2 protein chains.
Amino acid sequence: MSFPSNDHDHRSCVASALGAAEAECRRRGARLTDIRRRVLELIWTSHAPVGAYALLEQLGRGAAPPTIYRALDFLLAHGLIHRIETQNAYVGCSHPGQPHAGLFLLCRQCGAVAELAEAATTRAIEQEAAALGFQVDSLTVEAHGLCPGCRGGASP
Amino acid sequence: MSFPSNDHDHRSCVASALGAAEAECRRRGARLTDIRRRVLELIWTSHAPVGAYALLEQLGRGAAPPTIYRALDFLLAHGLIHRIETQNAYVGCSHPGQPHAGLFLLCRQCGAVAELAEAATTRAIEQEAAALGFQVDSLTVEAHGLCPGCRGGASP
DNA sequence: TCATCAATTGTTATATTATAACGTTACATC
DNA sequence: GATGTAACGTTATAATATAACAATTGATGA
Ligand SMILES: [Zn+2]
Ligand SMILES: [Zn+2]
Ligand SMILES: [Zn+2]
Ligand SMILES: [Zn+2]
């Protein structure tokens, strides 16, 4: 929902994301296989978006591109990750299960990302669109700038 | 500002865009060379985003990728076109000269795009971000859905 | 149990989008 | 015209993503 503090317990951060993913997959009758689980874990290694080929390297031992892209497709389809269009990269979803338009704040300095799920902005855009007769099905919002930590002068 | 009607005079549409580009380049002391002008004209051939390699083909006779990407970089830098991140494609700017965050409505059926320059949405996002201490430098908003023409049942 | 079918993964090749590097040409300015 | 810079040509390659098909796994019911 907001930017993670620099000293937060990231281990529990990852654990809770994986737990939520398991639950969501059970709920949906989807199989969170070993590969998919490992990819999701790798994505959650940091709070910054990760590229497909970076994940591929970390996956190790002769994994080929289709392996990673299939896992990403699965995770995207089930709302467990988002694709950051302006970076060709992927980030874990902070609100799995609850439908929402991803709205991202991307720090240009430290790379951190925060995902908002406020409906206000979404509604504002939908209304502006509706005024022109346009029906919005999906929405991509990516704001680039400086996160609180990187603005403060102190390095994040 | 809105979706072009299907029977609008597109010739004058292109002409006015090229005229505005010339004026803006004069104002900025930038050189709208022949290649850059032709690329801009090709982009304005339709109101749908065009990919770099599609432009390259239309440019003809042995033009290589750097040629097109340099022209695109120039046109982007001077605010004459926008990049549509969700489509790796480029579209002419409807409001050259006046600074604005591009906010795009993209029809998934006919491919048409409308560019909004309403400051309201931009401000809403900036305020939501500011509430978290995030300073927005640039903003990407791309809404996918159905344009008025494609909603109406009648094919556009 | 095991036959069967669908989902998942492996493997190889290739498509698509974009940039690096370096030489050459055109243009402005003196 | 000499000089410096911006623009362009050319070749190669990087980065991102998908096609196609074979092999494997896992559920499901005869
Ligand atoms: Zn999300
Ligand atoms: Zn930061
Ligand atoms: Zn614009
Ligand atoms: Zn349409």
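Residue numbers start from 1 in every chain, and the chains themselves are labelled A, B, ... in the order their sequence lines are given, proteins ahead of strands. This one's a predicted model, so the numbers in the text were calculated from it and none came from an experiment.
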With a 6.0 Å cut-off (strictly less than), is the heavy-atom count around CD of A:Glu22, excluding the residue itself, greater than 12?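 Buried by this count: over 12 neighbours within 6.0 Å.
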N or O in side chain of [X] less than 4.0 angstrom from [N] OP1/OP2:
| X | N | result |
| --- | --- | --- |
| A:Tyr69 | C:dT9 | no |
| A:Tyr90 | D:dA17 | yes |
| A:Arg37 | C:dT8 | no |
| A:Thr33 | C:dT8 | no |
| B:Arg36 | D:dA7 | yes |

Once you round it to whole Å, what is the distance between [atom2] of [N] and [atom1] of [X]?
| X | N | atom1 | atom2 | value |
| --- | --- | --- | --- | --- |
| B:Leu76 | C:dA18 | CG | P | 10 Å |
| A:Ile68 | D:dA15 | CD1 | C1' | 15 Å |
| A:Glu57 | D:dT16 | CD | P | 10 Å |
| B:Leu72 | C:dA18 | CG | P | 9 Å |
| A:Leu32 | D:dT25 | CG | C1' | 16 Å |

Given [options], which nucleotide is nearest the side-chain atoms of [X]?
| X | options | value |
| --- | --- | --- |
| A:Ala64 | D:dT16, C:dT12, C:dA20 | C:dT12 |
| A:Arg31 | D:dA7, C:dA7, D:dA17 | C:dA7 |
| A:Pro65 | C:dG10, C:dA18, D:dA17 | D:dA17 |
| A:Arg83 | D:dA17, D:dT10, D:dA19 | D:dA17 |
| B:Ile35 | C:dT17, D:dC8, C:dT11 | D:dC8 |

Does A:Tyr53 make a side-chain donor-acceptor contact with the base of D:dA17, cut-off 3.5 Å? yes
So does B:Glu41 pair up with B:Arg38, basic N to acidic O under 4.0 Å? no
Are side-chain heavy atoms of B:Cys25 and B:Phe74 found at a separation under 4.5 Å?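 They are in contact (side-chain heavy atoms under 4.5 Å apart), so the answer is yes.
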Any side-chain heavy atom of B:His82 sitting closer than 4.5 Å to one from B:His100? yes
Give a yes-or-no answer on whether the side chains of B:Thr86 and B:Glu142 include a donor-acceptor pair shorter than 3.5 Å.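 Yes.
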Over all strands shown, is A:Phe74 touching base, sugar-phosphate only, or nothing at heavy-atom distances under 4.0 angstrom? nothing
What contact category does A:Arg70 fall into here, base, sugar-phosphate, or nothing, at under 4.0 angstrom with non-hydrogen atoms?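 Answer is base: heavy atoms of A:Arg70 come under 4.0 Å of a base.
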Judged by nearest nucleotide, the residue sitting upstream toward the 5' end of DNA chain C, B:Pro66 or B:Gln87, is B:Gln87
